[in-house]
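In what follows, a structure is listed as structure tokens, so that the remarks can point back to it.
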Protein chains: 4
Amino acid sequence: MRTKNDIKQKALFEATIKLVNEIGFASSSVSKIAKEAGISPATIYVYYKNKEDLLVSTYIEIKRNMSKAIQKDFDDSLPIRDGLKNIWFKIFEYVSTHSAYFQYAEQFSNSPYSSLVDKQEIEKYFDPMIQVIIKGIEQKIIKNVNFEILTAFIFYPIIALSNPRICQDFDLSDENIETAFKLAWDAIRF
Amino acid sequence: MRTKNDIKQKALFEATIKLVNEIGFASSSVSKIAKEAGISPATIYVYYKNKEDLLVSTYIEIKRNMSKAIQKDFDDSLPIRDGLKNIWFKIFEYVSTHSAYFQYAEQFSNSPYSSLVDKQEIEKYFDPMIQVIIKGIEQKIIKNVNFEILTAFIFYPIIALSNPRICQDFDLSDENIETAFKLAWDAIRF
Amino acid sequence: MRTKNDIKQKALFEATIKLVNEIGFASSSVSKIAKEAGISPATIYVYYKNKEDLLVSTYIEIKRNMSKAIQKDFDDSLPIRDGLKNIWFKIFEYVSTHSAYFQYAEQFSNSPYSSLVDKQEIEKYFDPMIQVIIKGIEQKIIKNVNFEILTAFIFYPIIALSNPRICQDFDLSDENIETAFKLAWDAIRF
Amino acid sequence: MRTKNDIKQKALFEATIKLVNEIGFASSSVSKIAKEAGISPATIYVYYKNKEDLLVSTYIEIKRNMSKAIQKDFDDSLPIRDGLKNIWFKIFEYVSTHSAYFQYAEQFSNSPYSSLVDKQEIEKYFDPMIQVIIKGIEQKIIKNVNFEILTAFIFYPIIALSNPRICQDFDLSDENIETAFKLAWDAIRF
DNA sequence: GATGAATGAGTGTTCATTCAT
DNA sequence: CATGAATGAACACTCATTCAT
């Protein structure tokens with residue numbers, strides 16, 4: 001299936017995200033997505049097996065893209081707090097500059113489509129961050145509690161603050177992000 | 001003249017939530033919902049203006065129900081920390097016992113449908129909690145930072161930890177909830 | 001079926017005509033007509049057997065009303081030309097003052113519903129006019145040709161000139177009606 | 001890529017006319033029309049934007065077809081009376097041979113759908129006939145009266161005489177048509 | 001007599017997908 | 001590779017009518 005015309009595939013990727021964000025999965029039909037991308041509905045089936053494949057592949061592609069951006073220039077020799085703070089800012093930066101991608105991913109992962117994706121595959125992308133936290137626990141810098149609790153305080157507030165559907169008026173200024181990190185660090189540090 | 005049948009409306013409410021959780025907004029057609037509720041598709045239009053009205057009303061009803069449950073026996077004479085902890089446990093209790101409602105609300109608020117709801121109307125329901133936080137700030141017990149940041153650390157970790165789509169394996173034991181509250185409090189306290 | 005509440009029946013009659021003229025038979029549903037008349041859809045079935053009965057009865061009632069108005073004060077002792085001219089003006093007067101009724105009747109008689117009506121029953125209403133023409137033929141004042149041809153020149157031009165869907169801009173002034181009658185008379189007179 | 005199938009479109013055109021004449025606009029559903037034409041209901045939407053577009057386009061197509069037939073071999077060098085008589089017979093001929101088309105057009109123009117059509121566009125088709133009448137007036141052969149009155153006596157009687165819903169028993173013989181023209185001419189000539 | 005609730009059958013339309021080119 | 005034509009199945013919704021009160 002994978003083919004030569006990358007321009008069309010990219011247009012399709014962007015059109016899918018745009019339309020799903022605007023009108024939701026329910027109303028985003030194959031032909032509307034095709035029209036938005038400037039191609040024929042039939043052409044979608046050259047690139048993807050079916051509609052579900054299009055939606056799932058788009059999600060996975062976003063996640064891959066996101067993890068790559070976040071881990072770019074990642075330096076695991078930094079002290080724990082600095083390493084986490086670095087990631088913290090990277091995530092906010094990605095979310096700010098790719099808010100449509102992020103919003104699509106959020107909507108997707110809150111829908112039953114999410115069960116079609118191998119979560120471990122996705123989590124693998126974010127392993128370096130996990131390693132920092134584990135190191136922090138070992139060094140008794142981070143509280144030694146259930147791992148899910150820790151991530152709920154390090155990553156989930158980011159998602160809430162970045163999501164315009166949740167925090168409509170939150171200003172993603174460096175100062176605010178810095179303040180937020182302070183809270184996150186207070187939550188998890190020993 | 002026949003009179004409206006409350007049992008039918010309740011069945012419709014439950015069927016909507018069940019189906020949307022199972023197969024998502026995209027696939028939850030009016031006729032599938034009607035079948036699940038054991039009524040005729042046409043009957044839905046006796047109770048709701050259209051499909052959108054059904055979905056939005058269901059969301060609002062859940063939020064109303066949720067806020068009522070959380071604020072039951074709410075005591076604002078308690079010290080700040082105890083007051084918040086009380087609410088913290090109440091939310092976990094509600095989410096545990098009404099996970100389907102909660103999941104519907106999450107999916108809804110991450111979809112474009114959410115723009116159809118007057119957010120202020122919804123937030124009104126949760127005002128008592130807001131008041132506790134404000135009091136905490138005034139008494140210099142809670143950090144005096146942007147309000148959205150505070151709520152991102154008090155409420156959103158709960159949502160993450162309770163959401164089986166996010167924390168599949170998290171055990172909602174009293175001990176875990178207590179630990180999680182400790183982190184939340186460390187995050188926000190002065 | 002015939003009942004006590006004449007006000008409701010009259011409202012129903014008018015609502016039917018108004019709605020059918022505005023949106024046509026196709027879109028005029030029983031419940032829309034009921035709403036227009038300010039009654040419940042179910043109440044229509046107290047007065048009429050079904051929707052078809054409502055539409056057909058409305059047509060017949062209009063025709064009865066029309067014939068009564070046209071033949072009021074009819075004087076068959078007048079000379080042929082004067083008798084016909086009298087009717088001619090009466091018809092224009094009726095159509096001007098009851099254009100909605102007339103328009104409904106036109107739409108009805110051009111639709112397949114018309115086959116449900118006994119045409120002879122309707123024509124009976126207009127018998128006095130027929131008699132004038134027959135007298136005119138016998139007296140060799142009117143051309144002795146096929147009867148349908150004569151009526152096509154005496155009655156149908158009126159319908160065309162009165163129908164706003166056909167002659168949008170025709171001014172139903174006395175002068176114009178008089179002129180039109182001159183043409184009609186020239187057409188049929190010996 | 002498949003290419004559009006003219007046979008299907010023609011079948012759709014005929015099916016629309018047949019069904020609307022038989023059961024009226026009210027009962028002619030898209031799926032019934034599709035079945036009559038031997039195609040899928042969905043296919044109609046390949047050729048027309050929606051049901052309204054189908055009905056209106058069918059009407060316009062009939063009018064175009066009609067005007068072309070009537071004006072075929074039209075000779076405006078003939079004397080006024082001969083020119084009009086020629087048209088008169090042509091119209092009757094068309095109506096006789098295409099009675100279904102004619103009946104559809106009549107029902108359409110008496111329904112609220114007619115307001116969707118640009119009347120001037122339609123009238124343009126019949127301009128040559130208008131020119132003959134104007135010439136007749138200028139040459140003082142035809143009465144110099146309101147134009148709408150003249151057309152009501154030249155064209156509308158044809159419609160009445162040809163319409164089986166109005167003149168059920170009228171025989172469209174040459175003799176009868178000739179007689180009818182005599183009356184029309186007597187009506188309008190100076 | 002009068003009505004709102006209730007519904008099976010139907011509406012016009014769009015859907016995801018396949019086909020022929 | 002790419003496409004517009006074509007469609008069975010499904011969509012949200014309305015219909016005419018009946019029922020229980």
Side-chain angles (χ1 to χ4, degrees), chain A residues 1-5 8-9 26-35 38-55, chain B residues 1-6 8-9 26-34 38-55, chain C residues 1-5 8-9 26-35 38-55, chain D residues 1-6 8-9 26-34 38-55:
Chain A
M1 251 170 304
R2 261 321 101 149
T3 98
K4 25 183 77 156
N5 195 333
K8 274 189 182 146
Q9 183 149 24
S27 310
S28 295
S29 70
V30 169
S31 50
K32 281 183 196 157
I33 293 172
K35 183 177 272 181
I39 60 174
S40 162
T43 307
I44 288 181
Y45 292 83
V46 176
Y47 294 87
Y48 299 97
K49 226 174 66 228
N50 52 31
K51 188 189 178 184
E52 190 180 287
D53 185 26
L54 167 65
L55 296 177
Chain B
M1 194 196 55
R2 288 197 225 168
T3 112
K4 260 187 196 166
N5 186 337
D6 273 356
K8 273 186 184 155
Q9 185 150 22
S27 311
S28 295
S29 71
V30 169
S31 59
K32 283 180 194 158
I33 294 172
I39 61 174
S40 161
T43 307
I44 288 182
Y45 294 86
V46 174
Y47 293 87
Y48 299 96
K49 228 173 66 237
N50 51 33
K51 187 189 180 182
E52 189 181 288
D53 185 28
L54 166 65
L55 297 176
Chain C
M1 250 170 304
R2 252 334 94 151
T3 98
K4 26 184 77 156
N5 195 334
K8 275 189 180 147
Q9 183 148 26
S27 310
S28 296
S29 70
V30 169
S31 50
K32 281 183 196 157
I33 293 172
K35 183 177 273 181
I39 61 174
S40 161
T43 307
I44 288 181
Y45 293 84
V46 175
Y47 294 87
Y48 299 97
K49 226 173 67 229
N50 53 30
K51 188 189 179 183
E52 190 180 287
D53 185 26
L54 167 66
L55 296 176
Chain D
M1 193 198 56
R2 289 196 224 167
T3 113
K4 259 185 195 165
N5 186 337
D6 273 357
K8 274 187 182 153
Q9 185 149 22
S27 312
S28 294
S29 71
V30 169
S31 59
K32 282 179 195 158
I33 293 172
I39 61 175
S40 161
T43 306
I44 288 181
Y45 293 85
V46 174
Y47 294 88
Y48 299 97
K49 227 173 68 237
N50 52 32
K51 188 189 179 182
E52 187 180 290
D53 185 28
L54 166 65
L55 297 177

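In what follows, chains are A, B, ... by sequence order, proteins preceding strands, each numbered from 1.
Secondary structure note: stems in DNA chain E built from 3 or more consecutive Watson-Crick or G-U wobble pairs under 3.5 Å occupy E:2-21 with F:2-21.
For the pair D/Ile44 CD1 and F/dA6 P, the computed distance is 12 Å after rounding to whole Å. Rounded to a whole Å, the CD atom of A/Gln9 is 12 Å from the P atom of F/dC1. Atom-to-atom, OH of D/Tyr47 to P of E/dT13 comes out at 18 Å; the value is rounded to the nearest Å. One interatomic measurement links the two molecules: CG of B/Asp6 to C1' of E/dA5, which rounds to 13 Å at whole-angstrom precision.
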Under 4.0 Å protein heavy-atom contact, by nucleotide of nucleotides 14-20 of chain F - B base, S sugar-phosphate only: BSSBBBB
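Of all nucleotides listed (F/dA6, E/dT3, E/dA5), F/dA6 comes nearest to the side chain of D/Thr43.
The residue among D/Ile39 and B/Thr3 whose nearest nucleotide of DNA chain F is located toward the 5' end is D/Ile39.
Under the side-chain contact (heavy atoms from CB on, under 4.5 Å) criterion, B/Ala42 pairs with B/Ser40, not counting sequence neighbours. In this structure D/Ala26 satisfies the side-chain contact (heavy atoms from CB on, under 4.5 Å) test together with C/Phe25, C/Ala26, C/Tyr113, sequence neighbours excluded. Checked against side-chain hydrogen bond (donor to acceptor under 3.5 Å, both in side chains), B/Ser29 has the following partners two or more places apart in sequence or in another chain: B/Ser31.
Among residue pairs with one or both ends in residues 44-54 of chain D, those qualifying as side chain to side chain donor-acceptor pair (under 3.5 Å) are D/Gln9-D/Tyr48, D/Asp53-D/Ser57; sequence neighbours excluded.
The side chain of C/Ser40 places no N or O atom within less than 4.0 Å of a non-bridging phosphate oxygen (OP1 or OP2) of E/dA2.
B/Tyr48 comes within 4.0 angstrom of no nucleic acid atom, judged by non-hydrogen atoms across all strands.
Among all heavy-atom pairs drawn from D/Ser28 and D/Ile33, the shortest one is O-CD1, 4.1 Å.
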